[in-house]
Protein chains: 2
Amino acid sequence: MTTRRDAVHDTLRRSEGFRSAQDVYAEMRLHGAKIGLTTVYRALQALADCGQVDVLRTDEGESVYRACASDDHHHHLVCRRCGHTVEVAGPAVERWAEAVGSDHGFTEITHTVEVFGTCSSCSAPARVG
Amino acid sequence: MTTRRDAVHDTLRRSEGFRSAQDVYAEMRLHGAKIGLTTVYRALQALADCGQVDVLRTDEGESVYRACASDDHHHHLVCRRCGHTVEVAGPAVERWAEAVGSDHGFTEITHTVEVFGTCSSCSAPARVG
DNA sequence: GGAGATTTTGACAATCATTTTCATTTTCTC
DNA sequence: GAGAAAATGAAAATGATTGTCAAAATCTCC
């Protein structure tokens, strides 16, 4: 039974940036979906576990999810204003992380890399008057 | 008045890896310090605000702090087992992040980069028998 | 088609790090 | 010292997330 999970996945796919569980829940309820918050959390976790969605932690400690287009390992360039997200590859970074780790005798190296900025739309000067 | 803050900072400096506020608080109390949890939180935040300690978020959403040797921008190679931490520079990564951002029209670019692994001590085969 | 087993769901309570509140204490400032 | 301003901390509040458990949905085998 994946109806609920699919519904959650769909909601996420319709979103542009990263969304929190509470966001997803609110949006689904808004559109009339009959689903509980607990189920949204479980679906999101399940999706994250099987790699179908990416997870990030906000500065406030909230987990946010995104249904990314790319299945491959990639990173995110996220607008800190509107949340607009671009998936980016960074082979150089992958190699760097691996090298840094093994240089220091570390094994089973993983890394987290996220880039934040203000996207062009958001950095456009606010209309005055 | 910075007595408390200094005490917190000192405790952190004596630690090898990243420590949570609760950790720091427990350790200080253990050593007889008379300080409240609230104050530890406040001191840690203040130290982080003025860049005297680095902050990370664990997978569990806990904030962990570290008094780093380097004042300059740097990243961390953290042992996921024992927490042993190495401060590493990554000029190539800085440039990459900047380039990725501006390529997509983003400004005011920041980034988070952390590398995790198992350090040599921890990956040594466990003694059997 | 149906009985019973299994899984999923979701309302509610519990957890837990962190933050607020607010009265008390400490530390200036003059 | 007196009074103002800042720091402290105990306890309550917050808020995301997780656990509980009974009800509902679904599957399985006859």
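Each chain gets a letter, A, B and so on, in the order the sequences are listed, and its residues count up from 1. Worth saying up front: this structure is predicted, and the values here are computed from it rather than measured.
Among the atoms of the strands shown, none is found under 4.0 Å from any heavy atom of E60(A). Within the nucleic acid shown, S20(A) has no heavy atom closer than 4.0 Å to any nucleic acid atom.
With hydrogens and angles ignored, no donor-acceptor pair closer than 3.5 Å exists between the side chain of R4(A) and the base of dG10(C).
Remark: E87(A) CD to H74(A) NE2 distance equals 4.0 Å, nearest 0.5 Å. Rounding to the nearest 0.5 Å gives a distance of 11.5 Å between OG1 of T11(A) and CG of D23(A). For the atom pair SG of C68(B) and NE2 of H75(B), the computed distance is 11.5 Å after rounding to the nearest 0.5 Å.
Looking at the side chain of E62(A), the nearest of the listed nucleotides dT17(D), dT8(D), dA17(C) is dT17(D). Each of dG9(D), dT18(C), dA16(D) was ranked by its minimum atom distance to the side chain of Q22(A); first place goes to dA16(D). Nearest nucleotide to the T38(B) side chain, out of dA10(D), dC12(C), dT9(C): dA10(D).
Looking at which nucleotide of DNA chain D each of L37(B) and L37(A) is closest to, the 5′-most match is held by L37(B).
A donor-acceptor pair shorter than 3.5 Å can be found between the side chains of H111(A) and E94(A).
Following rounding to the nearest Å, D23(A) (CG) and dG15(D) (C1') show an atom-to-atom distance of 14 Å. Remark: C1' of dT18(C) and CZ of R42(B) are 12 Å apart, rounded to the nearest angstrom.
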